[in-house]
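In what follows, chains carry the letters A, B, and so on, assigned in the order in which the sequence lines appear, proteins first and then strands, with residues in each chain numbered from 1.
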Amino acid sequence: MLVEDPHRTTRERPVGHPTLTRADREALLGFMVGMRTFEERGVALYKQGRTPGSFYDGHGQEAIPVGAAFAMGPDDVICSPLIRDLGAHLVRGTDLTEIIRHHLGRDNRLSRGREGNVHFGDPAKGIVAMVSMLPDMFVVAVGMAMAFRLRGERRVALTFFGDGATSPGAWHEAMNFAGLRKEPVVIVCENNGLAYSTPTSAQFAVSPADRAAAYGMPGVVVDGNDVEAMFAATHAARERALRGDGPTLIEARTMRMHGHGSHDDARYVDPAVLDAWRERDPIATYAARLQGDGVDVDALRAAVLDRLDAAVDAALATPLPDPASATDGLFATEEPGPLGRGDAPWSGFAGPGDAGGPGRPAGAGDAGTGR
Amino acid sequence: MLVEDPHRTTRERPVGHPTLTRADREALLGFMVGMRTFEERGVALYKQGRTPGSFYDGHGQEAIPVGAAFAMGPDDVICSPLIRDLGAHLVRGTDLTEIIRHHLGRDNRLSRGREGNVHFGDPAKGIVAMVSMLPDMFVVAVGMAMAFRLRGERRVALTFFGDGATSPGAWHEAMNFAGLRKEPVVIVCENNGLAYSTPTSAQFAVSPADRAAAYGMPGVVVDGNDVEAMFAATHAARERALRGDGPTLIEARTMRMHGHGSHDDARYVDPAVLDAWRERDPIATYAARLQGDGVDVDALRAAVLDRLDAAVDAALATPLPDPASATDGLFATEEPGPLGRGDAPWSGFAGPGDAGGPGRPAGAGDAGTGR
Amino acid sequence: MSTPLTRAPDAAPAMAPASADRDVRTMTYLQAITDALREEMRRDDRVLVLGEDVGAFGGAFKATEGLFREFGADRVQDTPIAEAAIIGTSVGAALAGLRPVCEVQFADFVATGFDQLVNVAGKMHWRTGLAVPMVLRLPSGGGFAGGPFHSQNPEAWFMHAPGLKVVAPSTPADAKGMLSTAIRDHNPVCFLEHKHLYRRIKGEVPVGEHLEPFTAKVVRRGEDLTIVAYGAMVHLAAEAASRFEDGRVEVLDLRSLVPLDEDAILASVRRTGKVLVVDEANETCAAGAQVAALVADRAFSDLDGPVRRLAAPDVPIPFSPGLEQAVLPTTDRIAEAARELLDY
Amino acid sequence: MSTPLTRAPDAAPAMAPASADRDVRTMTYLQAITDALREEMRRDDRVLVLGEDVGAFGGAFKATEGLFREFGADRVQDTPIAEAAIIGTSVGAALAGLRPVCEVQFADFVATGFDQLVNVAGKMHWRTGLAVPMVLRLPSGGGFAGGPFHSQNPEAWFMHAPGLKVVAPSTPADAKGMLSTAIRDHNPVCFLEHKHLYRRIKGEVPVGEHLEPFTAKVVRRGEDLTIVAYGAMVHLAAEAASRFEDGRVEVLDLRSLVPLDEDAILASVRRTGKVLVVDEANETCAAGAQVAALVADRAFSDLDGPVRRLAAPDVPIPFSPGLEQAVLPTTDRIAEAARELLDY
Ligand SMILES: Cc1ncc(C[n+]2csc(CCOP(=O)(O)OP(=O)(O)O)c2C)c(N)n1
Ligand SMILES: Cc1ncc(C[n+]2csc(CCOP(=O)(O)OP(=O)(O)O)c2C)c(N)n1
Ligand SMILES: [Mg+2]
Ligand SMILES: [Mg+2]
């Protein structure tokens with residue numbers, strides 16, 4: 001389902017979905033439920049004072065990171081999931097307990113307590129952690145994609161940013177490099193109508209998808225609340241990139257349903273707008289659909305909750321990092337190794353150690369060649 | 001005369017020239033001849049080792065700064081003429097001897113020897129000096145235009161930059177602010193095919209004029225070798241800005257006929273391309289036309305040369321700045337005064353002290369209201 | 001707002017430091033900042049505020065709360081996310097006769113507008129004679145688990161960029177008085193307001209017009225050792241000093257980094273003979289390095305001990321509170337360094 | 001280029017400093033830089049060069065001359081004018097296993113890519129454990145009427161940004177050896193190459209592989225005073241030192257600013273008891289401030305005189321040669337300061 005786009009643009013719409021199996025659909029729903037459940041717990045932990053600093057969630061936007069990340073192959077990289085994109089981490093298979101430890105400032109493999117909120121990545125899963133400065137990691141993603149192109153690898157870089165992040169100069173420089181050099185980068189812009197308190201009407205005159213043409217790349221508008229549409233658009237963009245035809249900007253239209261962060265009551269948002277969008281909740285609508293197809297959604301929710309409870313318990317039992325560790329490792333002293341392979345459930349790749357195996361759907365051969 | 005534009009775009013073409021009198025036409029030619037003559041002398045002085053540092057010229061691009069600056073009113077500001085835009089300084093009436101003193105590193109009112117080559121402005125004439133970082137002064141121009149809009153003044157800011165200067169992030173931020181807030185800024189992009197050694201094909205995928213639409217503003221392609229076309233397009237853009245309809249990006253298509261600077265032999269440019277453009281020299285073609293109309297071009301050239309000789313002599317007789325002055329004035333200690341009014345020959349305004357007077361052509365009433 | 005953005009105030013009064021008989025009100029450091037903005041905007045129609053979310057929302061920290069309602073959208077402008085444009089258009093507006101006060105949402109983000117600040121704003125007057133009266137408000141500093149991108153203290157970068165004034169108040173009264181002074185200054189001023197002081201620090205603040213000069217101030221007298229600090233570190237230094245006998249440890253609050261009140265620093269150190277310089281910023285090439293170098297040159301013959309420094313080590317500021325406290329200077333560590341110096 | 005950009009070299013050899021029996025060739029500082037790039041690109045297919053006009057044109061200063069012909073457009077890339085993208089895509093390429101060497105056309109322009117450098121490149125390893133092996137070549141410094149935007153020495157900004165290495169060679173042999181070392185380093189390295197040395201300074205440079213460590217080096221021995229300098233200032237300092245009796249004035253070439261060879265600085269100053277620190281950069285918070293602060297703390301008891309500094313005053317670098325010479329440290333002024341210190 002594509003939402004109406006008020007702007008004129010040159011745009012490819014994704015034509016036809018690649019085949020999603022029932023297991024794939026369950027996985028999509030599962031990751032969305034996982035993201036929401038995790039974040040609800042995250043808000044609670046933050047309000048209980050257990051999470052230092054701040055907490056951000058992507059309530060209502062789950063379809064975007066989940067659908068997009070799901071379309072990737074194991075050797076693709078994500079650079080980087082942002083504050084609304086926890087689902088991308090879940091799809092790639094980063095350990096839940098580690099993520100919670102990270103949020104709580106406990107010792108953990110992802111950030112060693114040096115970073116908080118969604119500032120983490122998992123090199124072992126092909127994810128590079130975001131920085132706060134928007135949209136700096138888009139520029140970095142273009143550089144990673146360049147390396148893939150130069151080496152002739154069948155890999156893409158997937159990047160995320162919001163509507164507001166199209167205003168900084170770095171966005172333009174990244175768009176220009178990507179479009180001009182046809183880098184294999186898949187660009188997901190999450191247009192949720194707001195940048196903190198600022199509506200898109202005070203951010204830009206022309207929608208992000210319509211601006212893609214100025215860089216010689218297609219801009220696609222997708223219903224960001226439809227996980228399969230996100231999957232299909234990202235899949236098509238990835239195919240295009242792998243063909244050597246360069247980047248695609250996918251503008252996922254959605255709405256930020258919560259405050260900018262858990263500290264923000266978002267009084268500046270019209271409740272009627274929220275009500276209208278709530279009707280189109282990406283999880284509720286997809287769950288209803290899958291339920292109709294016979295998926296046991298309650299069981300799925302229960303399983304997610306069990307895993308979450310266990311992870312939270314394990315995280316809360318984890319000590320804080322050793323204060324003496326704060327200053328080590330400023331500089332790398334060893335030859336860096338390659339990034340690891342992320343889980344790519346749709347391609348049948350479940351994680352390191354898995355070489356593919358049976359049940360790999362058609363098209364999975366595209367999922368990357370490794371190094 | 002508009003050159004062929006290979007790209008699709010939404011664009012207003014300037015419709016109908018405002019009336020230029022014969023005196024205006026002579027002035028246009030005179031300023032172009034002045035710029036070229038000055039720069040030829042500048043190259044000579046540089047090669048003689050009299051000009052420290054570097055020297056840049058705009059040979060073949062004279063129609064752009066001259067035509068654009070000529071369309072301005074006295075209260076408009078130019079922020080800023082760049083290295084190809086000496087003609088804009090001449091139109092505004094900055095003293096020739098001061099400019100040469102500046103180039104030679106002699107004591108002078110414009111820069112006190114602190115700056116060289118085209119890094120000067122004349123606050124008394126409403127010109128702000130450029131910085132090297134491209135295109136930073138475009139951003140500043142948008143801020144000046146904002147001030148004019150907020151105060152309800154009928155003034156615009158005119159800014160210049162090259163094709164290469166559309167790549168830095170600052171360009172995007174300035175375009176976005178200008179388009180979104182409909183600032184009264186007139187944007188002249190001098191597309192001379194090159195940024196130092198880099199052709200536009202390695203700079204961007206889509207021409208600057210075509211990218212204007214991405215910011216909600218019209219992009220106009222103009223023959224940058226036709227001074228009247230430049231005048232007309234800039235005049236129309238200025239009218240549009242004064243009407244409150246916001247900025248226009250004018251892409252002036254031209255060719256850089258010399259090296260990037262006098263140190264550069266530009267061996268990387270195909271001589272056949274230069275030959276073809278030489279046929280379309282903005283001064284030769286316009287001089288031929290005016291000569292046909294009875295203008296004594298030789299006399300005009302001779303007068304320019306006389307003035308230049310006198311100015312060079314005066315400049316060479318000027319001492320270097322006092323070394324002890326190098327560190328004073330880092331900080332302003334007094335309430336700043338307003339910028340002065342630039343000469344606006346077309347509007348009949350010849351400089352400070354001139355309040356208009358007879359012979360002001362129709363339309364001159366638009367030339368600004370002062371503060 | 002009859003003639004918006006045009007009326008300049010009549011004449012600048014002489015600086016009137018807070019005195020006992022002035023009307024004062026107790027407020028937080030953050031409220032003092034808002035108070036200064038309001039006062040100066042009332043006084044001078046040319047003053048305008050711009051930045052991300054500073055309008056109706058009142059800013060990420062609520063420093064501009066209420067201003068949009070009082071002064072309207074032209075003078076309290078929400079901008080797109082674009083620090084270079086925020087700074088650069090402010091330069092332009094300043095050149096055109098306005099007095100912009102722009103907010104960078106967190107000081108950390110100033111790196112994305114750095115070029116406009118150091119190359120355009122900072123060099124303008126020296127190069128061209130054109131003044132650029134503008135203020136860049138920079139919510140800075142750590143101490144609240146903000147992590148590497150919401151805790152930085154970038155002032156040394158500005159100090160090393162000629163043409164920028166750099167100030168960093170530590171109290172509500174100074175925050176108000178120095179912000180007012182900054183807005184009336186004819187130059188670009190980087191105004192470092194410490195986020196961790198915003199709501200924690202309260203104090204008496206003069207009501208109405210209040211100006212503080214860009215000079216240092218002795219906040220505690222002592223004869224045996226000078227602790228030089230600024231911003232949030234002043235509070236830790238004062239606390240550490242209070243652990244020693246009265247009259248031993250002097251605390252000098254720099255308040256302004258450019259101009260740096262060299263006379264005040266030298267006068268204090270010459271008297272005490274020992275100095276400890278504290279920075280919250282990363283150690284290498286920090287403000288404290290400049291102060292230490294100054295002392296080692298110009299007060300050398302009066303020194304009775306090494307010029308000691310305490311600063312954050314050269315790593316980003318960690319998120320997890322235990323790690324963060326391991327990196328930031330603490331009262332204990334300041335007291336310990338002071339003790340060592342006193343015993344030297 | 002059979003398998004472009006993929007083959008890593010076999011193993012890093014131990015550092016082999018130039019010795020008498022090595023094959024050497026006389027070349028300029030600039031040629032030495034080109035030589036290092038060529039050597040390292042031949043050795044390691046993962047090394048690529050990118051920047052404005054660095055391709056067929058060979059760069060604004062011709063530092064990459066010949067590389068495009070030898071290594072092709074993939075490994076010697078012309079970029080659009082976009083410093084943030086040049087730096088940021090290099091970070092990405094480095095994360096993906098390449099070893100980018102990017103050129104900023106003039107060091108002054110680094111301010112437009114500052115954020116990617118300090119916030120993305122510099123903090124990456126500490127935050128995430130991911131290494132960012134890349135080199136940022138920065139043609140820096142004044143002395144040739146380049147004016148305020150083509151003469152800057154920005155190294156102190158980088159020193160104050162944790163996670164960046166910062167080096168500044170003064171001789172052709174060091175330029176080659178330290179650039180090679182930088183390319184093999186696993187971290188972002190800011191490589192400050194002084195434009196005014198490019199063609200003026202010639203010297204013997206080892207042929208083939210040549211690595212120099214990121215340490216300081218005594219370039220002239222002396223017992224009574226240490227002059228600490230780096231980059232172009234080393235030559236002036238050596239010239240100034242030669243005006244005194246042999247064996248009186250020691251000159252220490254820092255070569256590397258991060259890591260700073262504190263041991264070498266302290267050892268020299270402890271021996272001589274006096275120090276003059278010279279910077280071409282603006283004085284406040286410069287590298288020299290850090291060196292002076294270090295000495296004033298850790299070598300205090302060995303000092304026989306004040307820690308003196310000579311640096312450019314805090315103004316932009318003027319264009320007109322007489323003004324420029326009034327601002328930059330000169331041999332005369334260094335000698336004069338040395339004389340004063342010796343007489344102290
Ligand atoms: C360069 C920069 N400036 C300012 C900020 C502060 N900031 C953090 S999130 C945010 C709003 C981002 O809006 P958007 O990109 O639309 O993402 P959303 O929060 O809506 O997902 C801002 C202004 C930042 N992170 N980076
Ligand atoms: C931000 C920035 N990076 C690099 C440079 C170095 N530089 C000076 S002029 C130039 C080429 C400019 O090309 P263009 O904008 O097309 O102007 P033209 O010289 O053709 O008039 C470059 C790269 C600069 N001035 N600013
Ligand atoms: Mg948003
Ligand atoms: Mg050009």
Side-chain angles (χ1 to χ4, degrees), chain A residues 51-54 101-108 111-117 119-120 130-136 162-172 194-200 202-205 260-261 263-264 266-268 319-331, chain C residues 51-62 64 68 73 77-86 88 104-106 108-116 142-152 282-284 312-328 330:
Chain A
T51 303
S54 49
R101 288 184 177 122
H102 160 87
H103 273 283
L104 299 181
R106 307 301 170 108
D107 203 13
N108 72 85
S111 68
R112 303 178 62 201
R114 292 165 178 207
E115 272 284 18
N117 57 68
H119 296 195
F120 68 91
M130 64 174 278
V131 301
S132 288
M133 288 70 194
L134 294 170
D136 282 5
D163 43 282
T166 65
S167 296
W171 183 81
H172 171 69
L194 291 166
Y196 212 145
S197 75
T198 305
T200 52
Q203 195 73 242
F204 44 67
H260 175 62
H263 57 278
D264 174 24
R267 243 179 292 181
Y268 46 84
L320 293 167
D322 176 4
S325 72
T327 54
D328 66 34
L330 183 64
F331 291 113
Chain C
E52 296 151 18
D53 307 296
V54 300
F57 183 61
F61 297 100
K62 301 291 168 194
T64 57
F68 181 86
Q77 300 185 15
D78 276 334
T79 65
I81 303 175
E83 285 76 13
I86 292 169
V104 172
Q105 199 157 74
F106 283 78
D108 309 62
F109 301 127
V110 74
T112 66
F114 195 62
D115 172 52
Q116 284 284 343
F144 51 91
F149 301 114
H150 293 79
S151 307
Q152 295 178 40
N282 292 119
E283 179 168 2
T284 296
D314 290 329
V315 292
I317 306 305
F319 161 75
S320 189
L323 297 181
E324 187 176 23
Q325 285 310 308
V327 162
L328 296 180
T330 59

Legend entry - Trace of the ring-ring contact (aromatic ring centres under 6.0 Å, His included) decision for A:Tyr196 with A:Tyr268: CA-CA 10 Å; A:Tyr196 212 145; A:Tyr268 46 84; 7.1 Å; no
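Heavy atoms of C:Gln105 lying under 4.5 Å from chain A belong exclusively to its side chain. Neither the backbone nor the side chain of A:Arg267 comes within less than 4.5 Å of any heavy atom of chain C. Both the backbone and the side chain of C:Phe109 come within less than 4.5 Å of a heavy atom of chain A. Contacts of A:Asp264 with chain C are made by side-chain atoms alone, with heavy-atom separations under 4.5 Å and no backbone atom involved. For a residue to count as touching a neighbouring chain, one of its non-hydrogen atoms must lie under 4.5 Å from one of that chain's; by this rule C:Ala60 touches chain A with backbone and side chain alike. Only the backbone of A:Ala202 comes within less than 4.5 Å of a heavy atom in chain C; its side chain stays farther off. Looking at A:His103, only its backbone comes within 4.5 Å of chain C, counting heavy atoms on both sides.
Side-chain atoms of A:His119 and A:Ser132 include a donor-acceptor pair closer than 3.5 Å. Residues A:Thr198 and A:Gln203 bring no donor and acceptor atom of their side chains to less than 3.5 Å of each other.
Ring-plane geometry between A:His102 and C:Phe319 is classed as parallel, the angle between the planes falling under 30 degrees on a 0 to 90 degree scale with a further cut at 60.
The choice from A:Val131, A:Leu134, A:Leu320 that makes the most heavy-atom pairs within less than 4.5 Å of chain C is A:Val131. The most heavy-atom pairs under 4.5 Å with chain C, out of A:Gly164, A:Pro321, A:Ser325, come from A:Pro321. Top candidate by heavy-atom pairs under 4.5 Å with chain A, chosen from C:Gly147, C:Pro313, C:Pro148, C:Ala326, is C:Pro148. For the options C:Pro318, C:Pro80, C:Ala145, C:Gly322, heavy-atom pairs under 4.5 Å to chain A are most numerous at C:Pro80. Heavy-atom pairs under 4.5 Å with chain C were tallied for A:Pro323, A:Gly53, A:Gly105, A:Ser197; the largest tally goes to A:Ser197.
The shortest heavy-atom contact between A:Leu104 and A:Pro52 is O-CD, 3.6 Å.
The structure places CZ of C:Phe106 at 11.5 Å from CD of C:Gln152, a figure rounded to the nearest 0.5 Å. In this structure, the separation between CD1 on C:Ile81 and CG on A:Asp163 is 7.5 Å, given to the nearest 0.5 Å.
Here the side chains of A:Arg112 and A:Asp328 are in contact, with some heavy-atom distance below 4.5 Å.
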